[in-house]
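Residue numbers begin at 1 in each chain, while the letters A, B, ... track the order of the sequences.
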Amino acid sequence: MPELPEVETIVRALQRGGQGCSPLLDKKVTGAIVLWARTIAEPRADLFVQQIVGQSVRGVSRRGKFIRIDLDRQVMLIHLRMSGDIRVEDQVIALQPHDRLILNFVDGTRLAFNDARKFGRVWLVAEPESVIGGLGLEPLERSFTPAALHRRLQNSARQIKPLLLDQTVIAGIGNIYADEALHMARIHPMTPARKIDQEQTRALWDAIREVLREGIRRNGASIDWVYRGGDFQNYFRVYQRSGRACPECGTTIERVIVGQRGTHICPCCQVMK
DNA sequence: CACGAGACCTGTTCGC
DNA sequence: TGCGAACAGGTCTCGT
């Protein structure tokens, strides 16, 4: 579920505190409880516990949809996948249903990784590049330029939407923001990437950054499980709005399947050229 | 290389 | 009310 803006919202809460979290920096791990073994991708669950105890948090950041927590000797990477969430709270509070991993800190607080669908994964590694090294461009950083995007598109015969969802091309876009960006740029999701001209590429580049920034400004979207009180879901242009009016032209929004993903389009604004 | 199907999981919603 | 099907913000693997 969580895409770049939702992950960014959580990372900011872990950095600054607020929204169900207190700042993680300098907290020292005194114990870890793995409640669902497969949540730990690497190393084995018992080794994870053994290795993380005694280390303190030295940094919190984001790369694509990954949360990166730098510790004294290793790096913990968290991917929330479809239903993951993180709380930082006092240890006296009761565990919640679907809590999968707990880290207890010396100050009496703890981090809880909660994940109803059990798709989320946590790594504890010395070399984070082994996990996140293959990720593509960060869409909100300087390296993501219209020219860089154009180059990627010209090299591919794939449909544009699955390409936007490919984390090795651009890191952080998911189903919501792909649909929103393509609508804003007036591009049909099935358009072959290399058929998108320079002008449309520029529009797509703008749209990607705009929808991601707006998502962050609104603290992400909250669907099904609530995320940080984010309210971007109230500003969707097309996502989950099939049968309703396009905000640009009033045409009824349609839901189609593209690359096996539910996809929302305005058949009037997003015409294949 | 690109695409589709299936797997991994649980919970909610919708139609009958 | 109950029950099954469809669907969900993601990604990986396998077969064609």
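- The nearest whole Å value for the distance from the CG atom in L135(A) to the P atom in dG10(C) is 14 Å.
- Comparing the P positions of dC9(B) and dC3(C) gives a spacing of 26 Å, expressed to the nearest Å.
- When rounded to the nearest whole Å, the span between CG of D85(A) and C1' of dG11(B) equals 15 Å.
- Not one side-chain nitrogen or oxygen of H98(A) sits closer than 4.0 Å to the OP1 or OP2 atom of dT10(B).
- At least one side-chain heavy atom of C269(A) sits under 4.5 Å from a side-chain heavy atom of H183(A).
- When ring centroids are compared, W123(A) and F48(A) stay outside the 6.0 Å threshold.
- Rounded to whole Å, the distance from CH2 on W36(A) to P on dT10(B) is 6 Å.
- In this structure, R110(A) fails the cation-pi test against F105(A), since its NZ or CZ atom is not both closer than 6.0 Å to the six-membered ring centre and inside 45 degrees of the ring normal.
- The phosphate of dA8(C) (OP1 or OP2) has a side-chain N or O of R255(A) nearer than 4.0 angstrom.
- Counting to the nearest Å, the P atom of dT11(C) and the CG atom of L77(A) are 14 Å from each other.
- With rounding to the nearest 0.5 angstrom, the CG atom of D115(A) is 12.0 Å from the CG atom of L35(A).
- One P atom belongs to dG6(B), the other to dA6(C), and the distance between them is 13 Å to the nearest Å.
- Note on Y239(A): only backbone sugar-phosphate atoms sit closer than 4.0 angstrom, heavy atoms only; bases stay farther off.
- Between E138(A) and the choices K65(A), R209(A), R62(A), the salt bridge (Lys or Arg N to Asp or Glu O under 4.0 Å) rule is met once, by R62(A).
- Straight-line distance from the CD1 atom of I170(A) to the P atom of dG10(C): 14 Å, rounded to whole Å.
- In this structure, the side chains of T263(A) and I257(A) stay at 4.5 Å or more apart for every pair of heavy atoms.
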I86(A) and N114(A): CA distance, side-chain angles, deciding distance, side-chain contact (heavy atoms from CB on, under 4.5 Å) verdict = CA-CA 6 Å; I86(A) 289 176; N114(A) 186 282; over 6 Å; no

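- One interatomic measurement links the two molecules: CG of L164(A) to C1' of dG10(C), which rounds to 15 Å at whole-angstrom precision.
- A centroid separation of 6.0 Å or more is found between the aromatic rings of Y239(A) and F232(A).
- When the P atom of dT11(C) is taken as reference, atom CZ of R261(A) falls 8 Å away, rounded to whole Å.
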Could you list all N or O pairs between the protein and nucleotides 4-8 of chain B that sit under 3.5 Å apart?
{"from": "dG4(B)", "atom 1": "OP2", "to": "Q260(A)", "atom 2": "OE1", "distance (Å)": "3.4"}
{"from": "dA5(B)", "atom 1": "N7", "to": "Q260(A)", "atom 2": "NE2", "distance (Å)": "2.9"}

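- In DNA chain B, the stems built from three or more successive Watson-Crick or G-U pairs (distances below 3.5 Å) are B:2-8 with C:10-16, B:10-16 with C:2-8.
- Note: CZ (R152(A)) to P (dC1(B)) measures 13 Å, nearest angstrom.
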How far apart are the C-alpha atoms of L140(A) and R213(A), what are their side-chain angles, what is the distance that settles it, and do they pass the side-chain contact (heavy atoms from CB on, under 4.5 Å) test?
-> CA-CA 8 Å; L140(A) 297 181; R213(A) 286 210 178 100; 4.0 Å; yes

